[in-house]
Number of protein chains: 2
Amino acid sequence: MKKDVFRYSDCPMHRSMAVIGTKWKPIVIYVLRERTARFGQIHAAIDSISKKVLTSTLKELESDGIIERKEYKELPPRVEYKLSEKGKSLLPIIIQLAKWDKEHNCPEKESLQNA
Amino acid sequence: MKKDVFRYSDCPMHRSMAVIGTKWKPIVIYVLRERTARFGQIHAAIDSISKKVLTSTLKELESDGIIERKEYKELPPRVEYKLSEKGKSLLPIIIQLAKWDKEHNCPEKESLQNA
DNA sequence: ATTACTGGTTACTTATTGGTTACCACTTTA
DNA sequence: TAAAGTGGTAACCAATAAGTAACCAGTAAT
């Protein structure tokens with residue numbers, strides 16, 4: 001999120017938004033919830049994100065300590081991303097949000113909450 | 001969030017983001033967590049939001065059934081906003097996020113997690 | 001010699017969000 | 001008569017986020 005207007009706010013919601021308040025960040029965290037993934041795998045999992053935006057999203061998440069990036073000196077290159085401890089601590093919230101959605105935004109199947 | 005690209009996705013995180021994935025929405029929900037508030041009060045609570053953006057944020061939250069708007073036919077006008085049941089069901093997540101922030105993004109006071 | 005592979009970068013353009021200022025209705029108060 | 005108070009709206013502009021297409025390195029396989 002932009003040039004840190006929210007980062008040093010005294011409201012915790014503002015600060016949270018500074019870290020995960022963009023279109024793609026929660027989705028990337030969700031993708032990494034149970035596995036390490038390579039750049040290309042994340043890109044394939046979220047097919048509508050562009051490489052450029054995925055790159056910048058990953059960089060920001062890394063610099064905020066949410067994910068870790070490990071580069072293997074191979075050819076062709078291999079880079080793996082995974083949640084850090086801090087990122088994992090955010091996971092219950094992200095997962096609850098996905099669950100909330102399943103319970104509230106699926107008009108078709110309102111009674112099937114165990115998918 | 002824009003023209004509903006995410007709204008009918010089959011990924012629950014995409015759909016959640018369609019409903020609350022903007023800069024201001026989680027903050028507005030947080031402000032309404034324990035009280036009904038008037039437009040001017042919300043505006044005062046989030047002093048960096050403009051009236052225009054607050055108006056559109058409130059409208060979107062209302063049309064997604066997260067908040068309820070009640071207009072009193074008085075002069076000067078009075079309009080009250082509060083969380084709907086659906087909005088209240090989202091609240092634990094928002095509050096957890098604020099709590100997460102307090103625990104992880106306050107480098108100064110790392111051991112004071114009970115503020 | 002060419003293509004594929006991977007994880008990007010670059011330059012450029014467009015979409016979306018956010019901000020500013022002025023203004024409105026209608027009544028009460030000064 | 002004029003200003004204040006409330007919850008906005010309208011027109012216009014600036015900032016930011018996101019998207020597109022082409023390209024790169026360096027090796028292996030075709």
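Residue numbering restarts at 1 for every chain, and letters A, B, ... go by the order of the sequence lines. Only heavy atoms go into these numbers, but all of them, side chains included; no hydrogens, no water, no symmetry mates. What you see is a predicted model, and the numbers here were worked out from it, not measured in a lab.
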- Out of D:dG7, D:dA18, C:dT20, whichever nucleotide has its closest atom nearest the side chain of A:V53: D:dA18
- Message: Of the listed nucleotides (C:dG8, D:dC12, D:dG8), which one gets closest to any side-chain atom of B:R69?
- Response: D:dG8
- Query: Can you check the B:L54 CG to C:dT20 P distance for me, whole Å?
  - Reply: 14 Å
- Interatomic distance, B:I49 CD1 vs D:dA15 P [rounded to whole Å]: 19 Å
- Task: Working to the nearest 0.5 Å, report the span between CG of B:L58 and CG of B:L32.
- Result: 7.5 Å
- Message: Using OP1 and OP2 only, check whether a side-chain N or O of B:W24 sits under 4.0 Å from C:dT16.
- Response: no
- Any chance you could measure A:R35, atom CZ, to A:Y81, atom OH, to the nearest 0.5 Å? 14.5 Å
- Where each residue is assigned the nucleotide of DNA chain D containing its nearest heavy atom, which of B:K52 and B:R38 is assigned the position nearer the 5′ end? B:R38
- Nearest to side-chain heavy atoms of B:S50, which nucleotide of D:dT9, C:dG19, D:dA18: C:dG19
- Polar contact flag, side-chain donor to acceptor under 3.5 angstrom, B:W100-A:S16: no
- Message: Regarding B:S48, tell me which of base, sugar-phosphate or nothing describes its non-hydrogen contacts under 4.0 Å with the strands shown.
- Response: sugar-phosphate
- Message: Test your reading of the model: is there a side-chain donor-acceptor pair from B:R78 to the backbone of B:Y72, 3.5 Å cut-off?
- Response: no
- Item | Euclidean distance, atom CD of residue B:E62 to atom C1' of D:dG8 [Å, nearest integer] | 14 Å
- Query: Can a side chain N or O of A:K59 be found less than 4.0 Å away from OP1 or OP2 on C:dT9?
  - Reply: yes
- Note on the structure: On a heavy-atom basis, the closest approach of A:V28 and A:I46 is CG2-CD1, 3.8 Å
- Query: What is the distance, rounded to the nearest whole Å, between atom OH of A:Y81 and atom P of C:dT6?
  - Reply: 15 Å
- Query: Is any side-chain N or O of A:K23 closer than 4.0 Å to OP1 or OP2 of D:dT16?
  - Reply: no
- Mind calculating the distance between NE2 (A:H43) and P (D:dA18) to the nearest angstrom? 14 Å
- Give the rounded distance in Å between these two atoms: NZ of B:K25 and C1' of C:dT16. 13 Å
- Heavy-atom protein contacts under 4.0 Å, nucleotides 22-30 of chain D, coded B base, S sugar-phosphate only, - none: ----SS---
- Whole-Å distance between C:dG8 P and A:K73 NZ? 11 Å
- Task: Give the rounded distance in Å between these two atoms: CZ of A:F6 and C1' of D:dA15.
- Result: 14 Å
- Message: From the set D:dG7, C:dG7, D:dG8, return the single nucleotide nearest to any side-chain atom of B:R78.
- Response: D:dG7
- For A:D64, the option from A:K25, A:K86, A:R7 that meets side-chain hydrogen bond (donor to acceptor under 3.5 Å, both in side chains): A:R7
- Message: Let me confirm one number: the CD1-CD distance from B:I42 to B:E80, rounded to the nearest 0.5 Å.
- Response: 10.0 Å
